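Note that this is a predicted model, so its numbers are computed, not measured. Chain letters run A, B, ... following the sequence lines, proteins first, then strands; residues in each count from 1.
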Number of protein chains: 4
Amino acid sequence: MTTAHRRSEQARQAIMRAALEICREQGYARLTMEGVAAKAGVGKQTIYRWWPSKGTVVLDAFLEELGPAIEVPPTTDELADLRLSLRRAAELLSHPRYGSMLADLVGALQHDEALAAEFHKRVYQPVRQQTVERIERARLSGAIGNVDTGLAADLLFGPLWFRTLLTRQPPTPDYADQIVDIALAGLCAATS
Amino acid sequence: MTTAHRRSEQARQAIMRAALEICREQGYARLTMEGVAAKAGVGKQTIYRWWPSKGTVVLDAFLEELGPAIEVPPTTDELADLRLSLRRAAELLSHPRYGSMLADLVGALQHDEALAAEFHKRVYQPVRQQTVERIERARLSGAIGNVDTGLAADLLFGPLWFRTLLTRQPPTPDYADQIVDIALAGLCAATS
Amino acid sequence: MTTAHRRSEQARQAIMRAALEICREQGYARLTMEGVAAKAGVGKQTIYRWWPSKGTVVLDAFLEELGPAIEVPPTTDELADLRLSLRRAAELLSHPRYGSMLADLVGALQHDEALAAEFHKRVYQPVRQQTVERIERARLSGAIGNVDTGLAADLLFGPLWFRTLLTRQPPTPDYADQIVDIALAGLCAATS
Amino acid sequence: MTTAHRRSEQARQAIMRAALEICREQGYARLTMEGVAAKAGVGKQTIYRWWPSKGTVVLDAFLEELGPAIEVPPTTDELADLRLSLRRAAELLSHPRYGSMLADLVGALQHDEALAAEFHKRVYQPVRQQTVERIERARLSGAIGNVDTGLAADLLFGPLWFRTLLTRQPPTPDYADQIVDIALAGLCAATS
DNA sequence: AGCTAAGCGAGACGGTACGTCACGTCTTACA
DNA sequence: TGTAAGACGTGACGTACCGTCTCGCTTAGCT
C-alpha cells in the first residue's frame, strides 16, 4: 500500500524557487524559514516536514539548479579533464549568483552536522570521487608520480576554496590554470 | 597616568574568558551575546560598546590566547620556516580547543563583512605577509622557481583549510609535511 | 429502511470513547481533535464529518454515558422529586469523572454559539422542563406560593452551578438539601 | 537598591487598553496574545513577562476599569445594601461591554488554575466578603434567620450567574430584585 | 457477481498562534 | 562616565492544532 496524499511537488518547487530567490536577493544570512514559507506561499510546517534546516533547503535548491553542471564528462585525457574540472569549480565559486551562496553554505557547515553530512554526500563526494579516479588513472599511466590521490586532490582544489573562503576574492579561471600547472608539476616530480 | 574610570580592564578580561569558555563548551554557534554577558557578569551594553558582533568578540578572545603562537620566528632557512609554519597551522586547525573555533570563525566570515575585515587584518594578513616574504626570499635565492608568490602561498595553505572547512577532518602534521613536499616540488619546477 | 452502508458505528464509538478518556486524563482544555482522532484510530475527517467542534463531541460523549442519569422519575410528591433532582445535580457536578468536564463544557459555551445551542437543547432544557413542571404542580397544589416558575428553578439550581463554576468547589448532597430547604421556604412565603 | 529600568507604565496601559478593545470588538475567544501585542505596539515578551496567560491580562484590564464599581458602600440598612449589590451584579453581567467578557472569563477559569486563583482573590472574594458580612449583621439584628452565611450568599448570587452562564440571557435588575425577595423570605423563615 | 458510491484511515497542506530566544537599544542607579 | 542590570520593541524560531483536501481501501446495496 502506498501512503495517501503524497508530497506536493508544487509546494516543493515553490520552496526551492523562493529559497534561491531570497538567497540571491538578500543573501544566505538573511534567508529565514519564515521568509521562504511566505514567499513560496507555503506553511512553515511544510518546509520543516521535509528539510531539517535552512541549510539543507538551500543545498537542495542549489543542487536542483547546478547539480549537473558540477560534473565534467570524462575524456581519455585525464590531465585535461582535471584542468577543466578546476576551471568549472573556479567559475562556480566566482559565479555572481551561486558563488557566495556556496561559500555561505560551507560557512554554515561549520556548525550544522546534518548539513555537513548532506553537503559531503551530495557535493563534496561526487566531485571528489571523480577527481580521485582521474588522478589515479593519471598515476597508473605514469603522467604523474606515485602520490596519495586524496592529497593530490586537496592540492588542486584547496587553493580555490581557500581563496574564496578566507579572502572572499573568488578565483579566476586563470588562477585555476596556474594552480593546475604548478600542482601537476609537483605531482610529476613526486615519487613518495 | 591612570586612565581614570574609563574602560574596565576587569570587564574586558571577564568577557574574553567567558567567550572562550562558551565557545569551547557549546561551540561558536551556541554562543550568544547574552550568554557571554551573563557568564562574564557584565552588562550587555558593555560588550556592545566595545565590539560590534559576536564574531569580533571571539576573534579578540582567540587572538589574546593564540596571537603569538601563530608566527614562526624566521631563521636563515626559508623552506624550513615554511615547513614549520605549515605544521603550526595544521596543529592549530586540529587543536581540540581552537580548531573548530577557527573554522566557525571563518564560517561566520561569509556573512559578516566587519568580521571579515577584522579577520583579514589580524589573522590572515600577518601570516600571509610572513609567508609571502619567505617565498620571495626563497625565489631570489633560487630555491624555488619564478612563481607568483601569492599563488605559491595559496598552494601551501589552501589544502589545510580546504580539508578543515569542507570535510571537517583537521589536518595532521604529517599531512602538512606532505603538502609542503609536493607543493615545493611543483614550485621548484615552475619557471613561468 | 436501512441506513445503508453509511456511517460507521464502530468509528463513532471509538471517537466517543477516546474523547471521554482524553477528557478524563488530560482535561477538556488539552483535548484536541487531532488527539481524539489519533487515540480513536480514526481519520480527522471522520470527526469533522459528524461533529462541528470539539465541544459537541464531548457533549455527545457525555450524554451517551450520563444522559439517562440526569432525569428523576416523577412521583406524586413534587417537592421530594425536586429535592432528589437537586441531589442528582450535586452528585453530577461533584463527580470525579464528569464534574469538571461539565464545568469545562459550560466554560466552552461562553464562546461557542453552536455548542451553546446544543447544550441548551440536550442538557439544560430537559432538566429545566421537568423542574418547571414540578414547580408548577407544586404551586397549583398550594405547596408553594404564587411565584414565577422559571425564577424558582433558578433559585434552586443557581447556587449549585454558581459554586461549581466560580469557586471550583463542587456542591455536596448536604449543600443541595440546604438549598432546597431555604429556597422552598422562600417560595412558600412568596405570594407575588 | 532598586531594580534598574523598571516596568514601563506606558506599555502596561497600552496592553490593558488593547486587551479591552479586542475583547469588546472580537470577543474573548478571538483575543490572542499576538493580537494584543500588535495592537498595543508592544513585544509579546513584554506581555509574557508580566502576565502568565491571556485570562490574567483580561482580568487585569477588567479590574482596572470596573474594580471600584463592584463594591457597594455600606449603609445601616444591610438588606437594602444586599439588594443594591445584587442589582449591581445584574447590571454588570448584562452590561453590553463587560457582561460577556466576565462570562468568558469565568469560562476560562474552568481550565486555568492560575486564572482561577487570581479571579478568586480579586473578584470573587471581595464581593463575597462584603456579602457575607452583611448577611451576618442582618442575622445578628434578627432581620433574617439563623442560617449559614455562605449558603445565603450563594442563594442570592447563584441564580444571577446561573442564568448568565448556562442560558446566556443576562439577568435584568428586576430579576435581581425578585431573587432577593424570595431568597430573603426563605432566609427569614429559616432557623436551621 | 460485479459495479459503484459512500465512508473510511491516513496524513499533507496553508494557516494562525503559541511561548521562547536572542537581538541591539534604552534607561536607571551605583561607583 | 563607565558599568551591572535588565526592560523594551523586534523578528525568527520550531511546534501544536486548526479545518480542508486528496489519496487508495473497504464495503454495502443495487443492478
Side-chain angles (χ1 to χ4, degrees), chain A residues 1-8 10-12 14 30-38 40-50 52-54, chain B residues 3-12 14 30-38 40-50 52-54, chain C residues 2-12 14 30-38 40-50 52-54, chain D residues 1-12 14 30-38 40-50 52-54:
Chain A
M1 190 194 55
T2 54
T3 311
H5 199 204
R6 283 160 101 136
R7 179 165 185 182
S8 156
Q10 195 178 334
R12 210 201 103 259
R30 288 196 150 71
L31 177 145
T32 65
M33 291 300 231
E34 294 216 308
V36 174
V42 135
K44 278 201 284 176
Q45 196 65 234
T46 300
I47 305 186
Y48 283 112
R49 214 184 328 259
W50 306 110
S53 66
K54 78 170 190 172
Chain B
T3 37
H5 50 89
R6 298 300 133 94
R7 181 166 186 181
S8 156
E9 175 61 15
Q10 193 179 337
R12 210 200 104 262
R30 287 194 150 70
L31 176 145
T32 66
M33 291 300 231
E34 298 218 305
V36 173
V42 137
K44 282 202 285 175
Q45 196 62 245
T46 302
I47 305 185
Y48 283 110
R49 203 169 355 243
W50 305 110
S53 66
K54 78 169 190 173
Chain C
T2 56
T3 35
H5 50 89
R6 298 305 126 100
R7 182 167 187 180
S8 156
E9 175 61 15
Q10 194 179 335
R12 211 200 103 259
R30 288 194 149 71
L31 177 145
T32 66
M33 291 300 230
E34 297 219 307
V36 173
V42 136
K44 281 202 286 176
Q45 194 64 242
T46 302
I47 305 185
Y48 282 111
R49 205 173 350 246
W50 307 109
S53 67
K54 77 169 191 174
Chain D
M1 186 195 58
T2 55
T3 312
H5 199 203
R6 286 165 97 136
R7 177 166 186 181
S8 157
E9 176 60 15
Q10 194 178 334
R12 209 200 103 259
R30 290 197 149 69
L31 176 146
T32 65
M33 292 299 232
E34 294 217 309
V36 173
V42 136
K44 280 201 285 178
Q45 197 65 234
T46 301
I47 305 186
Y48 283 111
R49 208 176 344 249
W50 305 110
S53 66
K54 78 170 191 172

Atom CG of C/Leu31 and atom P of F/dA16 are separated, to the nearest Å, by 17 Å

Taking only the side-chain heavy atoms of B/Tyr48 (C-beta and beyond), determine which of F/dG14, E/dC8, E/dG24 contains the nearest atom. E/dG24

Listed nucleotide nearest any side-chain atom of B/Ser8, set F/dT3, E/dC8, E/dG19: F/dT3

Six-ring centre of C/Trp50, C/Arg12 cation under 6.0 angstrom, axis tolerance 45°: no

Pair of N/O donor and acceptor under 3.5 Å linking F/dG14 base with A/Lys44 side chain: yes

Quick one: B/Ile47 CD1 to E/dA22 P, roughly how many Å, whole number? 13 Å

Shortest non-hydrogen contact from D/Ala40 toward D/Ala14: CB-O, 3.5 Å

Nearest-nucleotide comparison on DNA chain E, the residue closer to the 5′ end among C/Val42 and A/Ala40: C/Val42

Using side-chain heavy atoms (C-beta onward) and a distance below 4.5 Å, is C/Arg49 in contact with C/Thr46? yes

In terms of the nearest nucleotide of DNA chain F, which residue is placed more toward the 5' end: C/Lys54 or A/Thr32? A/Thr32

Does a nitrogen or oxygen in the side chain of D/Trp50 sit under 4.0 Å from OP1 or OP2 of F/dG6? no

Within the supplied structure, the quantity of interest is the number of heavy atoms (other residues, nucleotides, ligands) at a distance under 6.0 Å from B/Arg30 CZ; does it exceed 12? no

With DNA chain F as reference, determine whether A/Gln45 or A/Gly35 sits nearer its 5' end, using the nearest nucleotide of each. A/Gly35

Just so I know, are the side chains of C/Lys54 and C/Val36 near enough to count as touching, which here means a heavy-atom distance under 4.5 Å? no

For the side chain of D/Glu34, counting heavy atoms from C-beta on, which of F/dT3, E/dG14, E/dA17 is nearest? E/dA17

Expressed in angstrom and rounded to an integer, what is the separation of D/Arg6 atom CZ from F/dA7 atom P? 11 Å

Which of the following nucleotides, F/dA7, E/dC18, F/dG2, is nearest to the side chain of D/Arg49? F/dA7

Spacing of B/Gln10 atom CD relative to E/dA31 atom C1', expressed in whole Å: 13 Å

Phosphate contact (E/dA12 OP1 or OP2) by A/Thr46 side-chain N/O below 4.0 Å: no

Between P on E/dG7 and CD on C/Glu9, what's the gap in Å once rounded to a whole number? 15 Å

Regarding the side chain of D/Met33, the nearest nucleotide among E/dC18, E/dG14, E/dC21 is E/dC18

